[in-house]
Amino acid sequence: MTALAQLPTGQPGTAAPPPAARRGRHRLLPYLLLLPGAAWLFVFFALPLLQLAAASLYDPGGSLSTGYALTWAFGNYPDALAAYWPQFVRSFGYAGLALLLALLMGYPLAYAIAQKAGRWKNLLLVCVVAPMFTSFLVRTLAWKTILSDNGWLVGLLRDVHLLGADGRLLATPFAVVLGLTYNFLPFLVLPLYASLERLDPRLLEAASDLYASPLRAFRRVTLPLSMPGLVAGTLLFFIPASGDYINAELLGTPNEYMIGNVIDSAFLVRLDYPQGAALSFLLMAAILAVVFVYLRRAGTEDVL
């Protein structure tokens, strides 16, 4: 009876584990929960990245028929950059222009949905994300039809004399930038909406009571409080836009090709794996540098 009385209630016949063992088990639990995700990232991200890094150092004289040898050919990087630096500049230029255009449209849209839409808020959010229910390729092909020389938009612009008789929209930088803006706009609007939706309207009322103009209230209240969403949205927009190749392929010509088109051609058309892998790593490095500088400036400078 004495021995049974000493056993913990609810667990007859067993002894409770010591406190140190329970603490050790609790410390390991978060790492065990992370294990499936970490294994997934290792197999489907880290290993392909290592293989891509090895491919970028292959002997450029190799081929699929003769095979590639890992000769640590670091010269692949400067050679690739020297050959295709205009496409790098064009990629970041188009992505930057598309981002600027998306901000001019997306910020007022996100603010209107978050603060002014009322009971129509959910419907407007569905309208923002509804295009994403359709294939990226189908959406871009739709813009190719809209911007075609025989389309209604070009005809309308010619009728109002905004385009000449031989003017066109398709196969121009304008078409590529417009396609990038349209396809990636939801990635900018949704994070902005999430930040602006949490904005307390009483802060704007207080700014008005302190005789701040609407513009000054925006600069001193709305913009700083929306910065987390603005930073996240601009990164989610700019990173895929700078590496995109579908819009330049379908809406432009070789004169508008971006670095993504060159990488696609290197792997699938010319079968030049060392150059394609080197260009891929150069693109990743350039994007990481831009993101790092942007985050440093956004995090340390006064946005007012």
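When reading the values below, keep in mind they use all heavy atoms of this one structure, side chains included, and skip hydrogens, waters and symmetry mates. These numbers come from a predicted model, not from an experiment.
Proximity of Leu49 to Phe45: side-chain heavy atoms (C-beta onward) are separated by under 4.5 Å at one or more points. Contact annotation: the side chain of Leu180 never approaches that of Leu101 to less than 4.5 Å [non-hydrogen atoms, C-beta and beyond]. Residues Leu169 and Leu157 meet the side-chain proximity criterion, which asks for heavy atoms closer than 4.5 Å. Residues Gln87 and Asn261 fail the side-chain proximity criterion, which asks for heavy atoms closer than 4.5 Å. Counting heavy atoms from C-beta outward, Leu235 and Leu295 have side chains that approach closer than 4.5 Å. Side-chain contact between Leu288 and Val291 is absent, with no heavy atoms from C-beta onward closer than 4.5 Å. At least one side-chain heavy atom of Phe92 sits under 4.5 Å from a side-chain heavy atom of Ile287. For the pair Tyr107/Leu223, a side-chain contact is recorded, criterion being any heavy-atom separation below 4.5 Å from C-beta on.
In this structure a side-chain-to-backbone donor-acceptor pair under 3.5 Å is present from Arg158 to Gly167. A donor-acceptor pair under 3.5 Å links the side-chain atoms of Asn76 to the main chain of Ser56, judged by distance alone.
Interatomic distance, CG of Leu190 versus CD1 of Ile113, reported as 8.5 Å (0.5 Å rounding). Note that the CZ atom of Arg297 and the CZ atom of Phe292 stand 12.5 Å from one another [nearest 0.5 Å]. The CG atom of Leu57 sits 11.5 Å away from the CG atom of Asp59 when rounded to the nearest 0.5 Å. Considering CG of Leu147 and CG of Leu251, their distance stands at 6.5 Å, rounded to 0.5 Å. Interatomic distance, Leu250 CG to Tyr245 OH, rounded to the nearest 0.5 Å: 9.5 Å. Here the CG atom belonging to Leu185 is positioned 9.5 Å from the CG atom belonging to Leu103, to the nearest 0.5 angstrom.
Linking ILVMFWY side-chain heavy atoms closer than 4.5 Å, directly or via other members, places Leu188 and Leu104 in two distinct hydrophobic clusters. Clustering ILVMFWY residues whenever any of their side-chain heavy atoms sit less than 4.5 angstrom apart, transitively, puts Leu199 in a cluster other than the one holding Leu215. Note: the hydrophobic cluster containing Val293 does not contain Leu236 (ILVMFWY, side chain heavy atoms under 4.5 Å, direct or indirect links).
Every pair passing side-chain hydrogen bond (donor to acceptor under 3.5 Å, both in side chains) that includes a residue from residues 192-201 is listed here, sequence neighbours excluded: Asp200-Arg202. The ring-ring contact (aromatic ring centres under 6.0 Å, His included) contacts involving residues 248-271 comprise Phe267-Tyr273, where partners must be two or more places apart or lie in separate chains. The side-chain hydrogen bond (donor to acceptor under 3.5 Å, both in side chains) analysis of residues 279-293, with sequence neighbours excluded, yields no pairs.
No hydrogens or angles considered: a donor-acceptor pair under 3.5 Å links the side chains of Tyr294 and Thr234.
Residue Arg270 places its CZ atom among more than 12 non-hydrogen atoms of other residues, nucleotides or ligands, all under 6.0 Å distant. Open room surrounds CG on Asp166; 12 or fewer heavy atoms of other groups in view lie less than 6.0 Å from it.
Considering Leu283, Val176, Val89, Ile263 as possible partners of Met258, the one that fulfils the side-chain contact (heavy atoms from CB on, under 4.5 Å) test is Val176. Each of Phe74, Tyr68, Trp72 was compared with Tyr58 under the ring-ring contact (aromatic ring centres under 6.0 Å, His included) criterion, and only Tyr68 meets it.
In summary, the aromatic rings of Tyr111 and Phe218 are positioned with their centroids too far apart to meet the 6.0 Å limit.
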